[in-house]
Amino acid sequence: MNAIMSIRGLSHIYSPKTPFECSAIDNINLDIHAGETLGIIGHTGSGKSTLISHLNGLIKPSSGSILYEGEDIFKSKEFTHNIRFKVGLVLQYPEYQLFEETVYKDIAFGPQNMGLSGEEIKTRVLEACDFAGIDKTLLPLSPFELSGGQKRRVAIAGVIAMRPRVLILDEPTAGLDPIGRYDLLKHIKAYRDATGAAIVIVSHSMEDIAAIADKLLVMNNGTVYLYGTPGEVFSHSEKLLAAGLDLPQITHIFNKLKERGINLPSSVYTVQQAVEILKNLGGGTND
Amino acid sequence: MIKDVSLGQFFPGNSIVHRLDPRVKLVLTIVFIIALFMCRGPVPYAIMAAFLFTVILLTKISFVLIFRSIKPILILLIFTAVLNIFYATGGSELLRLGSVVITTGGIYTAFFMVFRIILLVVATFVMLTYTTSPIMLTDGLESLLSPLKKVKFPVHELSMMMSIALRFIPTLIEETEKIMSAQKSRGADFETGSIFRRAKALIPVLIPLFINAFKRAEDLALAMECRCYHGGEGRVRMRILKLCPLDYISIIVSLSVFILAVILSQILTFGVLI
């Protein structure tokens, strides 16, 4: 399968040649495929946000390259500008970027910058509302009247309205209640399934990552620490804990059970998997 | 991008200059500037430049950064130089283009004017902002201005406002960058188009920035009240400024250099001490 985005030897140094010089990421190689959900986890300051800010050309790499469908995203200013419509980036706490008078106008900001017609913009705004789970009665309201969770959805819809082929979200569930988190992840998944876009999601919550990701990238000190399917990554419990990261709750429980001598597989990371395994193990029924 | 502006930035360090009492640095900077304006002729300027050069060496800040700090005032320097070359008179005539005359005196004045501005700016940076944290600077200012309390001048309030303002400059810069990144991600373009278009492109940045700033001000006021802040009355300090031998030595050395430069310029220009 051809990768929609490839990252080759990517390094970034902040404030070079000053006392504040600091290497944020170092020699990252990564492929992102269409229809795939990539979860990025890592300790605070491990370079996650720096990495994703490169993907839509917000910051230029110190060395290395980023290819979108085989073309360098920095090959011309024009190209970098257009890449931002194909690689949609939702930054951390995106609700602080809202500025328009109405929710509708705010979601329309991206499509407007793409130079689309009024009719097309309308289609996209309504479509984005569905994908982000926004009630259409909110559209004529001011974004500043909404609740925190609703603002977050509006901000995400503002990026989805550009119909990006790669949707990147930096901690989209931070500060949301459990129902809000679950619902948001469900909507992101629905967007991927409906459009075949690639999703990149940065999160501190192992549960969220385990629930949504097909591939996991663990970053530590600006380098790729572990990469693989969630099953592969979560089976390296010790390595994850050593990097200051946590495991999904259910993986913790299974590790404890294994310590007590119960023979269980080590790659359990969702409750559904756990239920299946326990059912087979005891031979009992689920009632 | 915006972070790279080194104008008025603090560079943490532990050099002699960093450790000096902020009041000493404030006063010495002012005296340096006054002395600079009293200097005439190459020798006193050389003395002042040598003094500043030594201070830069002591701070251990790289010269690249010092040069970078001059960059923002480059236009001012060029403007000063051009203006003086064409309008200052004296000395012999070098070039005549119609009514425009360039004289040696003009070039001489232009050179010293530019040199003086550079010394002035670099001195303020090196002796103050680069080596003194904003908190220390406002503490020093409050202490220096405290006699004005007698005439009911709100010294504490002023310095508190200054420290809060200084404290939030980096936060606001960071936030501006974040919002700009977010809007750029939605295809906003801040770099091309006419001035009018570019100004308009800033609206999506300024609105969230102001809204967040007001919110933050409210939060800060609340947090301060929660910790029983009620102005300067009866407030004690965590850092108490106290002059140590190093401060006295710096004062004596610097003042002697300044006085030497000023006296020399009097002798060299007028032949006598007046």
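Each chain gets a letter, A, B and so on, in the order its sequence line appears, and its residues count up from 1.
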Query raised in the report: So which heavy atom on A:F144 is nearest to which on B:I211, and how close?
Result: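 That would be CZ-CD1, 3.2 Å.
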**Report entry** B:S62, part contacting chain A, at a heavy-atom distance under 4.5 Å
**Finding:**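 It is neither, since no heavy atom gets under 4.5 Å.
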**Report entry** B:K178 portion near chain A, given a 4.5 angstrom heavy-atom threshold
**Finding:**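 Contact with chain A: backbone only.
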Does any backbone or side-chain atom of [X] lie under 4.5 Å from a heavy atom of chain B? Answer side chain, backbone, both or neither.
X      : answer
A:Y93  : neither
A:M162 : side chain
A:L91  : side chain

Query raised in the report: So how far is it from A:S53 OG to B:K184 NZ, rounded to the nearest 0.5 Å?
Result: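 Answer rounded to 0.5 Å: 10.5 Å.
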Would you indicate whether [X], at its atom [atom1], is surrounded by more than 12 heavy atoms from other residues, nucleotides or ligands within a distance under 6.0 Å?
X      : atom1 : answer
A:K151 : NZ    : yes
B:F190 : CZ    : yes
B:F79  : CZ    : no
A:K136 : NZ    : yes
B:F63  : CZ    : yes
B:R198 : CZ    : yes
A:N221 : CG    : no

Query raised in the report: Which pairs with one or both residues in residues 66-87 of chain A pass ring-ring contact (aromatic ring centres under 6.0 Å, His included), sequence neighbours excluded?
Result: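 Listed by first then second residue: A:H81-A:F85.
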Answer whether the closest heavy-atom distance between the side chains of [X] and [Y] falls below 4.5 Å.
X      : Y      : answer
B:P204 : A:F99  : yes
A:Q97  : B:Q183 : yes
B:S185 : A:V159 : no
A:K77  : B:E191 : yes

Requested in this report: Say whether, by atom type as modelled, one donor and one acceptor occur between the side chain of B:R186 and the main chain of A:D106 under 3.5 angstrom.
Outcome: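 Checked: pair present.
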